[in-house]
Amino acid sequence: MEIREKIEALRKEIEYHEYLYYVKDAPEISDVEFDHMMKELEELEQAHPEYASENSPTKRVGGSVATEFAPVEHAVPLLSLGNTYNIEEIEAFFVRTQKQIDNVEVIVEPKIDGLSVALTYEKGVFVQGATRGDGFVGEDVTENLRTVRSIPLRLLKPVSLTVRGEVYMDKASFQELNAQRERDELPLFANPRNAAAGSLRQQDSKVTAQRKLSIFIFNVETSPDITPKTHLEGLKMLAELGFKTIQPIATVKGADEINSICRLWNEKRYEQTYDIDGLVLKVNDLAQREILGYTAKTPRWAVAYKFPAEQKETLLRDITFQVGRTGVITPAAELESVFLAGTKVSRATLHNEDFIREKDIRIGDHVLIQKAGEIIPEVVSVVKEKRDGTQKPFEMITSCPACGTALIREEGQAATYCPNAECPAQTVRLLIHFVSRDAMDINGLGEQVIARLHQLGLVHDVADLYSLTVEQLASMERMGEKSGQNIVNAIANSRNAGLARLLYALGIRHVGKGTASAIAAQYGSMDAVIKAEFEELCNVEDVGEIIARSIVSYFLEPRNLEVIEKLRIAGVSMLHQQAEKSERQSLSGKTFVLTGTLPSYTREEATKIIEREGGKVTSSVTKKTDYVLVGEQPGSKAEKAQKLGIPMLTEAEWKTLIGENT
Ligand code: IVH
């Protein structure tokens with residue numbers, strides 16, 4: 001056999017076994033045999049680079065590094081679905097639909113909790129994959145999607161089409177990933193969806209390749225070659241092409257059948273190996289779909305039913321108190337461990353004293369807990385029927401659990417805090433904050449290392465970080481010369497982080513990232529900020545009286561000034577770094593507010609671009625705001641903009657404004 005033919009035959013065989021393993025979940029050969037074939041192919045391809053192909057199964061390991069993802073305009077907009085949260089709303093969907101269509105057939109599918117992508121194939125070859133973005137324009141993540149094993153790089157027939165599906169990470173892979181991240185002292189992902197999204201937007205596709213993503217395909221978006229008449233027929237055609245398709249749960253004709261399905265799946269979702277956050281109901285007949293049509297953002301022929309957040313009952317054994325970086329005391333419920341939405345939970349936040357009093361939470365109570373989109377769950381309510389008189393009423397502590405200083409609660413404030421600036425617990429939390437990504441961005445210093453450095457007396461305040469030596473770091477547990485050197489380098493690099501990051505990193509109470517940037521831009525240098533007066537500060541965009549007071553009193557504290565002086569001597573930049581200015585200055589003098597998640601930019605990136613173009617970004621919508629840039633799941637800022645009649649832009653419109661879409 002000729003080499004070229006041999007390579008092709010091997011690729012076909014590997015593709016077939018990948019299909020059996022990742023799509024059908026029914027492998028026919030052992031992993032060892034599979035690896036062996038892969039190795040053989042790799043060697044042949046290396047020896048014969050003239051036969052290389054982007055679509056070879058050997059290319060699934062990633063390799064390309066993207067600096068940013070190119071925008072992709074979707075041929076057919078990827079709409080989202082209207083949400084329903086109860087049976088009545090689903091019934092309303094049926095009533096509406098049945099008004100227009102007799103005998104409607106509705107398919108029920110699980111709603112996979114991942115992120116939507118569009119995959120395009122030309123003559124059976126995978127050529128492009130894009131995120132949903134705002135539905136009209138997404139990001140080109142082709143190289144990353146190539147690493148997802150259940151996405152065929154070649155179809156079983158040479159057809160052209162664009163399909164839509166949901167990329168997700170299964171529960172086991174998510175747990176494994178977070179366990180590894182915990183060992184590496186990296187921030188954890190809150191849920192599998194965030195992990196999947198983070199993995200797909202990796203700049204280095206090698207990282208994506210290691211993340212064990214998967215996909216369910218649920219729609220043919222457009223195709224000159226295949227033209228199903230119904231949704232079920234479409235799914236069948238997709239499966240025949242080699243796609244891993246969504247498995248419908250049921251076909252129903254009326255609302256009466258839905259109630260029991262919703263209830264059943266509200267339980268059954270926990271048995272799945274991946275997260276589902278609801279059910280999707282869609283009209284089967286594609287001609288009927290056209291009759292029903294669309295609203296601006298969602299089809300009228302489909303609707304999502306969202307499951308309620310899972311709640312579990314458990315015993316609250318104790319209430320403990322954590323000291324935050326600004327000294328704020330947060331009470332936590334120590335719980336008897338339970339499994340909640342896929343993870344073992346033994347602690348929940350109780351926010352503050354008032355929260356506990358309002359809910360009358362007592363030690364020894366049975367409580368209901370739930371996760372509210374975060375890793376840390378919260379207590380929803382007390383099961384008062386289960387009280388037997390042994391429960392102990394809550395008492396707020398009066399002195400700091402770490403240093404014993406008397407705690408303070410100011411009038412009108414919910415927070416209780418420890419006023420001791422030298423409180424060891426605060427120092428450690430502050431150090432952790434100081435090195436965090438949005439602050440000085442010093443990589444490699446995890447919580448445990450910091451706590452140890454503090455305990456050993458090597459670091460008393462944030463400025464001491466700058467005199468750490470490689471030897472000191474290398475002598476710590478689970479750390480070597482190399483990681484010590486990396487950390488010392490990272491610390492040295494952070495000297496140029498600039499005033500905005502530094503102000504945020506100092507951990508001044510109430511001074512968030514946005515406020516720190518606004519102050520840095522206004523004052524330009526640390527010296528000017530230190531001298532700033534209360535009234536003057538109040539005039540800075542985003543700074544109210546509470547923030548201004550907090551800043552003034554921070555700089556009145558001699559200890560804080562000493563640390564700043566130490567930082568200055570250590571060579572830390574105290575100046576604001578002006579964003580590079582574009583020539584066009586297309587947003588000159590315009591004030592923006594951002595809300596929601598933008599499809600292709602992080603907030604920081606968007607802010608940088610706006611500033612580069614001469615505009616500025618503030619955090620609250622006022623009459624002075626020129627535009628509100630609206631992403632996915634916008635908050636109340638979008639409503640406020642509507643009320644005030646302030647123009648709202650999608651990412652695509654904004655890009656047109658700055659001339660990036662042409
Ligand atoms: S159909 C035009 N089916 O849910 C409607 N969507 O809330 C096309 N999703 O953006 C969507 N599982 O990312 C459909 N079985 C399923 C789904 C599903 C998950 C996601 C999808 C969509 C979102 C809408």
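Here the structure is a predicted model, which means the values were calculated and not measured. In listed order, ligands and their atoms are each counted from 1.
- A donor and an acceptor atom, one from each side chain of Thr295 and Thr298, are located under 3.5 Å apart.
- A ring-centre distance under 6.0 Å is not found for Phe189 and Phe174.
- Ion pair Arg146/Glu54 flagged as a salt bridge, since at least one NZ, NE, NH1 or NH2 atom sits closer than 4.0 Å to an Asp/Glu carboxylate oxygen.
- For Phe243 and Tyr121, the gap between ring centers is short of 6.0 Å.
- Residues with a heavy atom under 4.0 Å from ligand 1: Leu79, Leu81, Glu109, Pro110, Lys111, Ile112, Ser116, Arg164, Glu166, Phe218, Ile246, Val280, Lys282, Pro299.
- Contact between Gln370 and Gln311 at its shortest, heavy atoms only, is OE1-NE2, 2.9 Å.
- Under the 6.0 Å cut-off for aromatic ring centres, Tyr270 and Phe339 do not qualify, their centroids lying 6.0 Å or more apart.
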